[in-house]
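Data block below; observations after.
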Amino acid sequence: MLKSGEVSWKSENLGKRRWAFVVFLGILILHGLAILVFTRGFLLTRTELSQYSHCSDIQQSPCFSPSQDDQMVNHSKGCWTKPAVDRIVIIVLDALRYDFVAPSTFFDEKKPWMDRLQVLHKLASQPGSFAKIFKAIADPPTTSLQRLKGLTTGGLPTFIDVGNSFGAPAIIEDNLIYQMAKNGKRVVMMGDDTWVQLFPQHFNISHPFPSFNVKDLDTVDNGCVEHLFPYLYQEDWDVLIAHFLGVDHAGHIFGVDSTEMIEKLEQYNGILEKVVDVLESQSGPGGLHENTLLLVMGDHGQTINGDHGGGAPEEVETSLFAMSLQKNPSSLPSETDSSSCRLDTEKRKICTSSIEQLDFAATVSALLGIPYPFGSIGRVNPELYALAAGTWNLDIFTPESGINLSGSEMWMQNYVNVLCMNTWQVKRYIDVYSASSVIGFSDKDMSHVSSLYAQAHDNWLHTKEAVLNCKSESCSTLLPQLKKQVEAYSNFLSSITALARSKWTEFNLKMMGTGLCILVLSLFVHIFTIKKLDKLCSCYLPRGGDFVVSFEAIFAYAAVLIRSFSFLSNSFILEEGKTASFLLATAGMLQLRHAIVKKKMFLEGFLFVLVVPLLRFGIELGQSKQAVNSLFLKSFASWTVSVDNGTNLWIYVADILPFLALVILAYILYYKSITHSSCRGIFKLVAVGTIFASSLIALAWALDGNLFSPSTIIVDIKAYWIPRIIYVIGLLQLFLLAISQLFGKEKTSGWEEDTIVKVTAMVSAWSSTIIILSGKQGPLVALAAVIQGWCVIRLMTLERAKNDYYDSSTSYSSPVAKWSLLAVCLFFCTGHWCAFDGLRYASAFVGFDEFNLIRQAALLTIDTFGFSHILPVMGLPLIVACRRHPEVQAEKRKPLFFLQLCQVYLMYGLTMAISMTLTIICVTIQRRHLMVWGLFAPKFVFDAVGLLLTDLFICLASLYYFA
C-alpha cells in the first residue's frame with residue numbers, strides 16, 4: 001500500500017504532466033490552424049473550369065472550319081481543323097535532359113552521358129526537314145504529375161498539385177486525352193501508371209506498371225518494350241503512348257554521371273532505332289504508317305545528381321524529338337524558323353529549336369484535327385506543326401475555287417487559320433475564367449487582352465479578304481499579309497501566357513493575413529508561458545547578486561533573429577545551411593574564448609569549434625549538384641564525395657570511417673547505458689537492441705562490399721531482411737518504452753539520472769532506423785551530433801558567474817539556440833535542402849520494392865527529418881538533466897527540474913515558430929516573385945512540416961519525460 005506522501009507526489013506529478021501536455025497540445029493546434037489558414041490563402045489552386053471544348057464550338061469563331069462552306073473539302077475526321085496526321089506515336093522518356101538528346105557540340109564541354117542517342121542525331125541530320133530536335137521548356141515545379149497535367153491540359157501548373165505526386169487524382173478539366181477519346185481517336189497507353197490514375201476512363205487499352213520504386217530501373221521499361229513493338233504492327237489505335245522510367249530512376253539512385261545512366265541511354269538508343277525501323281518499313285504509299293508522326297520527349301529534366309522538382313535550368317529544360325514519316329515539300333519561312341544549327345561529332349549538320357511544353361496540347365490537337373482543350377493557353381508551335389507533311393497540302397479551298405497558292409503560301413494560310421482558332425479559344429477561356437473565378441484578372445489586364453485580340457481580329461478580316469480575293473492572278477501581297485497576321489496572333493498569345501504566369505495563382509490576402517496573425521499569437525503564447533515559468537522557477541532558485549543578461553544569451557537571441565530574417569532574401573534561403581553553420585561556428589568561437597579566459601573546459605570548446613567545419617563540409621557536399629561520382633552513392637544518393645578510384649588509400653578510408661563511427665557510437669551507448677547502475681530493466685534491453693541493430697547495419701554494409709559473392713540470398717539479406725529487422729527492433733523498442741512509461745514505478749529521487757537514461761533509450765530507439773535510411777553517412781553525422789551535443793551541455797557551466805542572478809529562461813537561451821542551430825546544420829549535412837528535389841526518394845524503399853503510400857511516406861519522413869527534428873527534440877532534456885543546482889534544496893529540485901524542462905521545450909519551440917513566422921512573411925512579400933514556386937513555396941512547405949513535427953514530438957516528449 002502506498003504511503004500518503006507517495007500518493008500526493010503521484011497526483012502532483014500527474015497533474016503537472018497533464019498541464020504541460022495541454023500547453024504543448026494547444027500550441028500544436030495554434031500552429032496547425034495558422035498553417036492551414038495561411039495555406040488556404042497562399043497555395044490555392046487556380047479555378048478549374050468544368051467547361052469542355054466541342055466540335056460545334058468552332059461555328060462561333062471567325063475562322064475557316066472544315067464544315068463551314070459547301071466549297072470546303074469534306075474531311076469526315078476533321079473537327080476544328082483538318083487532320084494533318086493519321087497516327088501519333090508518343091514515347092516519353094522520363095527526366096530526359098536536353099543534353100541527353102542534343103549533340104555535345106551544342107555545349108561548352110562534352111560529358112560522358114552526351115551523344116548516347118545517336119539514332120536521333122542520324123535522323124535529325126538527314127537532308128530535308130522531316131525530323132528535328134527541340135529544347136522543350138517546362139514550367140516549375142517539375143514533378144512528373146504536374147508535367148503530365150501541363151502537357152495534356154495546356155495550362156500552367158499549380159503548386160498544390162505537388163502533394164498529389166504520390167497519389168495522382170483524375171484530371172477533371174478538359175485535356176488532350178479526353179478530346180482524343182471524345183473524337184474517336186483510339187488511344188493505347190503503356191508504362192508509368194500515373195497516366196491511368198490521371199485518365200482512368202480514356203484509354204482503349206492500357207498496360208500500366210507501378211512507378212514509385214525508384215530502385216527498379218527495368219520493370220517499367222521492359223513492360224513498355226514487351227507491348228510497344230507488337231502494337232506498331234497493329235491497326236486498332238490512332239495514338240500510342242509509351243512512358244519509360246529507367247532514366248528517371250537511374251538519376252535518383254546513381255546520378256547522371258554514372259555507368260547505370262549511360263547503359264540506360266544506350267538501351268534507349270537501341271529501342272528507338274528498332275521503333276524507327278518498324279515505322280519506316282510500313283511508311284510507303286498505303287502503308288500502316290504512311291502518315292504517322294513520332295514524338296520522343298521528356299516530361300522534365302533532372303539535376304546532375306538526378307533530382308527534379310524545382311525550377312533550375314537543368315530541371316525545366318528537357319527534349320522533344322519529332323519525326324514525320326512523310327517528308328515535307330518545302331521549308332518554313334525564315335520568320336517562323338528559330339533553328340540553331342551546328343555540326344555534330346560526326347560532322348553532320350543538326351538544327352535544333354525551342355518549344356514551350358505549354359504549347360504541346362494545342363499543337364497536337366491541331367495536328368489531329370480535334371478541339372483544343374478548353375483551358376489551354378498554349379500556342380500551336382509553327383516548327384513542330386510544319387514537320388507534319390499534311391500541313392503543307394491542306395488548302396481550305398477546293399481546286400474549283402480558282403485560288404492558286406504556292407507551297408509556302410498554302411502552309412502559311414493554313415497555319416494562320418489554325419492560329420485564328422487557337423487565339424479565339426484562348427480568348428474564350430480567359431473571358432470565362434475571369435467571369436467565373438473568385439478573383440480572376442483585373443480590369444486593366446482584361447482591357448489590355450481585349451485590345452490585343454481586337455487588333456488581331458481586325459487584321460484577320462483584312463487577311464480573309466486578301467485570301468478570298470486572291471484567285472488566278474499572282475498574289476504578291478498575300479504572304480506578307482499572312483506573316484503580319486501570324487505576328488498579331490503570336491503577340492496576343494504571348495501576352496496571355498505572360499499574364500497567366502505572373503498572376504495565375506489566386507492569393508487570398510485575408511486568409512494569409514489571418515494565418516500570420518494566428519502564428520504571431522502563438523509567439524506571444526510562447527513568451528507569456530516562458531515568463532510565467534520564470535516566476536515559478538524563481539520560487540525555487542536562490543536570489544543573490546545582480547540580475548544580468550550574459551553576452552552568450554544576447555548572442556543567442558541575435559542568432560535566432562539573424563537566421564530568421566535572412567529568409568527575406570532568396571540568396572540566403574539557398575544558402576541556409578551555410579548561414580546556420582556560420583552562426584554555430586561563431587557561437588563556438590565565443591565559447592572557446594570564454595573557456596580560454598576561464599582556463600577550464602578548453603577541450604570541450606576546441607571540439608565544438610573543430611566539428612563545425614566538418615558539418616560545413618557535409619553541407620557543401622550535400623548541396624553540391626556537381627559532385628556525383630561517389631563511393632557512397634550506392635548507399636545514399638545525395639551525400640556525394642568525389643574520390644579517385646586509383647587511390648586505394650582514399651577508398652579504404654571511405655569504407656572504414658562509417659564502420660569506425662558505428663563502433664564508437666555503439667561503445668558510447670554500451671558505456672553510458674549497459675554499464676551504468678541507473679540503467680536497468682527495459683532501458684537496458686532497449687540499449688542492447690540498438691547495439692544489435694548497429695551490428696546488423698555493419699553486416700549489411702559488409703555484404704554490400706566485395707567480401708562476399710553477390711548471390712540471391714546475400715542480396716535478399718542485405719536489401720530486405722536486415723532493414724526490416726531493424727524497423728521491427730525500433731518499433732519494439734518504442735513499444736517497450738511506452739509500456740515502461742505507463743506501468744513503470746515512480747521515482748522520488750535521482751530523477752536527473754533517470755531522465756538521462758530515458759533520453760538515451762529514446763534516442764537510441766530511433767537512431768538505428770534513421771542511420772539505416774541515411775546510409776553510410778548516418779554514423780558520421782550521428783557521431784558529430786553526439787560530440788556537439790555533449791559540448792553544448794558541458795559548456796553551459798561556463799556561462800554563469802557565482803554572484804550573478806539569471807532568469808531560468810536566460811540561463812538556457814544560449815544552449816537552446818545552439819541546439820536549434822545544430823539541428824538545422826544536421827538537416828543540410830545529411831544531403832537535404834528545402835526543395836522537392838532535396839528529398840531522397842530512394843530512402844523510402846530501403847528494405848522494400850513494392851509501393852505502399854503510408855509506409856513509404858513514413859520512411860521518407862524519418863529520413864528527411866530524423867536527424868534534424870526527431871532526435872534533437874527527444875534529446876533536448878539532456879540540457880536540463882545534466883545541469884545541477886546544488887544551491888537548491890533537495891525537496892525543491894524535482895519541481896524546479898520539470899518546470900525548467902517545460903521551459904526549455906517552449907524556448908526550442910519558440911525558435912522554430914519565429915523561423916516559421918519570418919518564412920510566412922517572406923512568402924507573403926515575395927508571392928509575385930519569379931521564384932515563388934521554385935524556391936519560396938517549397939521553403940514554406942518544409943518549414944511548416946518541420947514546425948508541426950517539432951510540436952508533435954514535443955507533445956509526445958511531455959508524456960514520456962514529465963513523469
Side-chain angles (χ1 to χ4, degrees), residues 603-604 607-608 611 614 655-703 722-723 725-741 744 747 750-794 822 826 862 866-867 870-879 881-882 960-961:
L603 175 62
E604 290 85 342
L607 269 179
F608 188 89
V611 173
L614 300 179
D655 282 337
I656 291 173
L657 277 180
F659 287 95
L660 183 60
L662 200 61
V663 171
I664 294 173
L665 290 170
Y667 175 76
I668 293 173
L669 181 60
Y670 172 80
Y671 179 76
K672 290 294 183 181
S673 297
I674 297 179
T675 62
H676 203 283
S677 59
S678 298
C679 183
R680 60 175 67 91
I682 287 179
F683 299 116
K684 183 170 288 188
L685 187 62
V686 169
V688 171
T690 301
I691 294 173
F692 175 68
S694 298
S695 65
L696 289 179
I697 294 173
L699 175 61
W701 292 343
L703 293 176
I722 289 180
I725 291 172
I726 291 173
Y727 299 153
V728 171
I729 290 174
L731 290 174
L732 287 175
Q733 288 173 316
L734 294 176
F735 177 75
L736 289 175
L737 291 176
I739 292 297
S740 71
Q741 182 64 17
K747 283 193 174 184
W751 52 87
E752 294 98 338
E753 293 294 333
D754 185 51
T755 302
I756 292 173
V757 170
K758 291 172 73 173
V759 171
T760 305
M762 178 58 72
V763 170
S764 65
W766 280 99
S767 61
S768 300
T769 298
I770 294 173
I771 288 174
I772 191 68
L773 293 176
S774 299
K776 290 185 178 179
Q777 64 170 336
L780 300 173
V781 176
L783 183 59
V786 168
I787 294 173
Q788 290 295 80
W790 178 75
C791 292
V792 169
I793 293 166
R794 291 281 295 163
L822 175 61
L826 292 177
I862 293 172
F867 275 116
I870 298 174
L871 294 185
V873 170
M874 303 312 293
L876 195 60
L878 290 174
I879 292 178
C882 295
Y960 179 66
Y961 294 122

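Across Ala784 and Val611, no two heavy atoms sit closer than the pair CB-CG1, 4.0 Å. Minimum heavy-atom separation, Gly689 to Ile729: O-CG2, 3.8 Å. Closest approach of Ile726 and Ala693 over heavy atoms only: CD1-O, 3.9 Å. Contact record, Trp701 with Pro779: CH2-CG, 3.3 Å, taken as the closest heavy-atom pair. The two residues Lys776 and Pro658 make their nearest non-hydrogen contact at O-CB, 3.5 Å. A pairwise comparison of heavy atoms in Leu780 and Leu657 identifies CD2-O, 3.8 Å as the closest pair.
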| task | Test side-chain contact (heavy atoms from CB on, under 4.5 Å) on Tyr961 and Val759 and set out the steps. | result | CA-CA 8 Å; Tyr961 294 122; Val759 171; 3.5 Å; yes

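With contacts defined as side-chain heavy-atom distances shorter than 4.5 Å, the pair Leu773/Tyr727 qualifies. Looking at heavy atoms from C-beta onward, Pro872 lies out of side-chain contact with Leu822 at the 4.5 angstrom threshold. Side-chain contact between Leu737 and Phe683 is present, with heavy atoms from C-beta onward closer than 4.5 Å.
Gln788 meets the side-chain hydrogen bond (donor to acceptor under 3.5 Å, both in side chains) test with no other residue; sequence neighbours excluded. In this view, Leu734 and Met762, Ala765, Trp766 satisfy the side-chain contact (heavy atoms from CB on, under 4.5 Å) rule, not counting sequence neighbours.
With rounding to the nearest 0.5 Å, the separation of CG in Leu669 from CD1 in Ile664 is 14.0 Å. Rounding to the nearest 0.5 Å gives a distance of 5.5 Å between CD1 of Ile862 and CD1 of Ile870. Atoms CD1 and OG, from Ile772 and Ser767 in turn, are 11.5 Å apart once rounded to the nearest 0.5 Å. Taken to the nearest 0.5 Å, the CD1 atom of Ile787 stands 7.0 Å off from the CD1 atom of Ile668. Between Ser695 atom OG and Leu662 atom CG the span is 8.5 Å, to the nearest 0.5 Å. For the atom pair CG (Leu696) and CD1 (Ile722), the distance works out to 5.5 Å, reported to the nearest 0.5 Å.
Formation of a donor-acceptor pair under 3.5 Å by the Ser694 side chain with backbone atoms of Ala666 is not found in this model.
Pairs engaging residues 780-794 under the salt bridge (charged side-chain N to carboxylate O under 4.0 Å, His left out) rule: Glu604-Arg794 [sequence neighbours left out].
Both the sub-6.0 Å distance and the 45° axial angle are satisfied by Lys758 relative to the ring of Tyr960.
Between Tyr667 and Tyr671, the two ring planes are parallel [angle under 30°; tilted spans 30° to 60°].
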